[in-house]
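What follows is a set of notes on a single structure, which appears directly below.
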Amino acid sequence: QTQLVESGGGLVQPGGSLRLSCTASGFDLNYFTIGWFRQAPGKEREFVAAITWSGRTTYYADSVKGRFTISRDNAKNTVYLQMNSLKPEDTAVYYCAAALAPTVVTNTRRYDYWGQGTQVTVSS
């Protein structure tokens, strides 16, 4: 079965950190650009960060630049999103997605596979 599975979400206080993981089963992530997206209640799903298959190129939304870091370990078939200095406005369900593309991709329609999401809540 081809699927992506996110983990690492939870409740954290403002200023805290979380690390999300995205693991693939049934296919090899090494050939895919991986993106992280998030969706807050009542809002559209928005791009957060992306990384190319080689890991050489990353791209971030302005809202998370300098606070979030995307990385990948192809040997483990896993992509990570390190989130630091979290703010209440970062509260959302976070999704990882895989796109068979040579460059970073920000458009949700370009992604072929999606995980089920993991909840991140930033609150005191």
Side-chain angles (χ1 to χ4, degrees):
Q1 184 177 0
T2 302
Q3 63 178 349
L4 293 171
V5 178
E6 302 95 338
S7 62
L11 173 64
V12 63
Q13 291 186 344
S17 298
L18 283 174
R19 188 177 79 159
L20 305 183
S21 299
C22 173
T23 302
S25 62
F27 69 105
D28 190 343
L29 275 184
N30 293 354
Y31 300 101
F32 290 81
T33 283
I34 304 300
W36 283 96
F37 294 78
R38 65 187 182 186
Q39 189 166 18
K43 295 187 177 181
E44 292 189 353
R45 191 169 298 188
E46 64 174 1
F47 170 79
V48 174
I51 187 169
T52 53
W53 67 271
S54 65
R56 292 193 187 102
T57 302
T58 58
Y59 187 73
Y60 298 91
D62 288 343
S63 59
V64 306
K65 201 171 294 182
R67 300 187 298 123
F68 291 11
T69 303
I70 189 171
S71 62
R72 66 191 301 158
D73 185 339
N74 285 344
K76 295 182 178 180
N77 218 24
T78 301
V79 174
Y80 304 98
L81 184 68
Q82 178 67 43
M83 305 186 296
N84 298 329
S85 302
L86 283 162
K87 305 174 181 180
E89 50 263 44
D90 294 318
T91 295
V93 177
Y94 282 71
Y95 300 89
C96 67
L100 198 58
T103 61
V104 292
V105 181
T106 63
N107 190 327
T108 58
R109 297 175 183 175
R110 295 286 307 277
Y111 283 83
D112 304 293
Y113 302 101
W114 289 85
Q116 82 291 347
T118 185
Q119 176 70 46
V120 171
T121 303
V122 184
S123 175
S124 55

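Just so it is clear, the structure is predicted and the values come from calculations on it, not from any experiment.
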Within one Ile-Leu-Val-Met-Phe-Trp-Tyr cluster: [X] and [Y], side-chain cutoff 4.5 Å:
X	Y	value
Ile51	Tyr60	yes
Tyr113	Leu100	yes
Val48	Val104	no

Heavy-atom closest pair, residues Ala40 and Thr91:
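Minimum heavy-atom contact is CB-O, 3.7 Å.
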If every non-hydrogen atom of Cys22 is compared with every non-hydrogen atom of Leu4, which pair is closest and at what distance?
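Of all heavy-atom pairs spanning Cys22 and Leu4, the closest is SG-CD2, 4.0 Å.
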Using a cut-off of 6.0 Å, state whether more than 12 heavy atoms not belonging to [X] lie near its atom [atom1].
X	atom1	result
Tyr59	OH	no
Lys43	NZ	no
Glu89	CD	yes

Take Trp36 and Phe47 through the side chain to side chain contact (heavy atoms under 4.5 Å, CB included) test and state the conclusion after the steps.
CA-CA 6 Å; Trp36 283 96; Phe47 170 79; over 6 Å; no
Residues forming a side-chain hydrogen bond (donor to acceptor under 3.5 Å, both in side chains) with Thr121, sequence neighbours excluded
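Expected list: Gln119.
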I want to check something: taking the side chain as every heavy atom from C-beta on, are [X] and [Y] in contact at a cut-off of under 4.5 Å?
X	Y	value
Tyr80	Leu20	no
Asp90	Arg38	yes
Pro14	Pro88	yes
Tyr111	Phe37	yes
Thr2	Phe27	yes

How are the rings of Phe68 and Tyr94 set relative to one another: parallel (under 30°), tilted (30 to 60°) or perpendicular (over 60°)?
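Phe68 vs Tyr94 ring planes: tilted.
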What distance do [X] atom [atom1] and [Y] atom [atom2] have between them, rounded to the nearest 0.5 Å?
X	Y	atom1	atom2	result
Thr103	Arg110	OG1	CZ	6.5 Å
Ile34	Asn74	CD1	CG	9.0 Å
Thr23	Asp73	OG1	CG	10.0 Å
Glu44	Thr108	CD	OG1	8.5 Å
Arg56	Thr58	CZ	OG1	13.0 Å

Main chain of [Y], side chain of [X]: is a donor-acceptor contact present, judged purely on distance under 3.5 Å?
X	Y	answer
Thr33	Ala101	yes
Thr52	Thr57	yes
Glu6	Gly117	yes
Thr78	Lys76	yes
Asn77	Ser25	no

Give the intermediate values and the outcome of side chain to side chain contact (heavy atoms under 4.5 Å, CB included) for residues Val79 and Leu29.
CA-CA 9 Å; Val79 174; Leu29 275 184; 4.2 Å; yes
Side chain to side chain contact (heavy atoms under 4.5 Å, CB included) evaluation trace for Glu46 with Gln39
CA-CA 6 Å; Glu46 64 174 1; Gln39 189 166 18; over 6 Å; no
Counterpart residues, ring-ring contact (aromatic ring centres under 6.0 Å, His included), relative to Tyr95 (two or more places apart):
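With sequence neighbours excluded, Tyr95 shows a ring-ring contact (aromatic ring centres under 6.0 Å, His included) to no residue whatsoever.
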Does NZ or CZ of Arg45 lie under 6.0 Å from the centre of the six-membered ring of Trp114, at an angle within 45° of the ring axis?
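Yes, Arg45 lies over the aromatic ring of Trp114.
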Suppose we screen for side-chain contact (heavy atoms from CB on, under 4.5 Å). Which residues come up paired with Val12, at least two apart in sequence or across chains?
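side-chain contact (heavy atoms from CB on, under 4.5 Å) check on Val12 returns Leu18, Leu86, Val122.
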Between Ser17 and Asn84, is there a side-chain donor-acceptor contact under 3.5 Å, judged purely by atom types and distance?
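Present: a donor and an acceptor within the cut-off.
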Going through the distances and angles, do Gln3 and Gln116 end up as a side chain to side chain contact (heavy atoms under 4.5 Å, CB included)?
CA-CA 9 Å; Gln3 63 178 349; Gln116 82 291 347; over 6 Å; no
